[in-house]
Visitor: 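Can you read through this structure? Questions will come right after.
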Amino acid sequence: PAPTLPPEVTKSITIALPTDRTAEYNLSIEFEEEMVVNVQLTPDTATYEFTLTGTGTGVYSIYIDGELLRTETVDFNA
């Protein structure tokens with residue numbers, strides 16, 4: 001029989017954003033080398049919430065105006 005793949009899980013993630021911005025900026029988030037978020041935000045935006053779907057663990061990268069802010073791991077099993 002074919003192996004049973006674990007079911008995909010969707011997680012809601014909230015990230016803290018830099019508070020030192022003085023102008024609108026672009027927030028983009030890549031997950032498994034695919035862009036999943038690409039939005040313009042105002043400087044007073046403190047957090048941003050988005051969802052990811054996957055299995056096991058995955059890595060997403062957060063970019064501000066195209067520059068890598070940080071990379072984080074999401075655990076879909078937790």
Side-chain angles (χ1 to χ4, degrees):
T4 305
L5 295 173
E8 284 197 328
V9 176
T10 298
K11 287 203 124 158
S12 180
I13 297 169
T14 302
I15 56 170
L17 296 169
T19 54
D20 59 352
R21 307 302 291 197
T22 56
E24 277 197 8
Y25 62 95
N26 175 263
L27 168 70
S28 56
I29 300 172
E30 285 185 1
F31 175 62
E32 305 296 336
E33 299 182 12
E34 184 177 320
M35 187 171 295
V36 292
V37 172
N38 188 14
V39 293
Q40 287 293 119
L41 296 177
T42 56
D44 58 353
T45 306
T47 60
Y48 187 81
E49 186 175 335
F50 61 102
T51 58
L52 293 177
T53 302
T55 59
T57 58
V59 174
Y60 63 93
S61 302
I62 304 164
Y63 296 86
I64 302 287
D65 286 337
E67 290 187 23
L68 180 64
L69 178 67
R70 65 182 178 270
T71 299
E72 298 196 10
T73 301
V74 57
D75 183 355
F76 292 102
N77 300 324

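The residues of the chain are indexed from 1 along the displayed sequence. What's counted below: heavy atoms across the whole structure, side chains too, no hydrogens, waters or symmetry copies.
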Visitor: Tell me, do Ile64 and Leu27 make a side-chain contact under 4.5 Å, heavy atoms counted?
Guide: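 Sidechains of Leu27 and Ile64: in contact.
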Visitor: With a 4.5 Å cut-off on side-chain heavy-atom distances among I, L, V, M, F, W and Y, is there a chain of contacts connecting Val59 to Leu52?
Guide: no
Visitor: Rounded at 0.5 Å granularity, tell me how far OG1 in Thr55 sits from CG in Asp75.
Guide: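 Output value for this atom pair is 10.5 Å.
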Visitor: Could you check whether atom CD of Glu33 has more than 12 heavy atoms from other residues, nucleotides or ligands sitting under 6.0 Å from it?
Guide: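 It does not: Glu33 CD has 12 such atoms or fewer within range.
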Visitor: Using the rule that two of Ile, Leu, Val, Met, Phe, Trp, Tyr join whenever any of their side-chain heavy atoms come within less than 4.5 Å, decide whether Val39 and Ile29 are in one cluster.
Guide: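 As far as the 4.5 Å side-chain criterion goes, Ile29 and Val39 are connected within one cluster.
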Visitor: Please test Ile62 against Tyr48 for side chain to side chain contact (heavy atoms under 4.5 Å, CB included), starting from the C-alpha separation and ending with a verdict.
Guide: CA-CA 11 Å; Ile62 304 164; Tyr48 187 81; over 6 Å; no
Visitor: Run the numbers on Arg21 and Leu41 for side chain to side chain contact (heavy atoms under 4.5 Å, CB included), then give the verdict.
Guide: CA-CA 10 Å; Arg21 307 302 291 197; Leu41 296 177; over 6 Å; no
Visitor: Where is the tightest heavy-atom contact between Thr51 and Ser12, given as atom of each residue plus distance?
Guide: CG2-CA, 4.0 Å
Visitor: Closest heavy-atom contact between Glu8 and Thr53?
Guide: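 That would be OE1-CG2, 3.5 Å.
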Visitor: So, for Leu68 and Ser61, which heavy atoms are closest and what is the spacing to 0.1 Å?
Guide: CD1-CB, 3.8 Å
Visitor: Please enumerate all residues that pass side-chain hydrogen bond (donor to acceptor under 3.5 Å, both in side chains) together with Glu67, with sequence neighbours excluded.
Guide: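 Partners of Glu67 by the side-chain hydrogen bond (donor to acceptor under 3.5 Å, both in side chains) criterion come out as none, since no residue qualifies.
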Visitor: Please enumerate all residues that pass side-chain contact (heavy atoms from CB on, under 4.5 Å) together with Thr47, with sequence neighbours excluded.
Guide: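 Counting only residues at least two positions away or on another chain, Thr47 forms a side-chain contact (heavy atoms from CB on, under 4.5 Å) with Thr14.
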Visitor: Going through the checks in order, is the ring-ring contact (aromatic ring centres under 6.0 Å, His included) test met by Phe50 and Tyr60?
Guide: CA-CA 12 Å; Phe50 61 102; Tyr60 63 93; 5.6 Å; yes
Visitor: Taking atom CD1 of Ile15 and atom CD of Glu72, what is their separation to the nearest 0.5 Å?
Guide: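 If I round to the nearest 0.5 Å, the distance is 7.5 Å.
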Visitor: Please report the closest heavy-atom contact between Phe76 and Val9, naming both atoms and the distance.
Guide: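 Reported closest heavy-atom pair: CD2-O, 3.3 Å.
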Visitor: Which atoms form the tightest heavy-atom contact between Pro18 and Leu69, and what is the distance?
Guide: CD-CD2, 4.2 Å
Visitor: What pair of heavy atoms forms the shortest contact from Gln40 to Glu24, and how long is it?
Guide: NE2-OE1, 3.8 Å
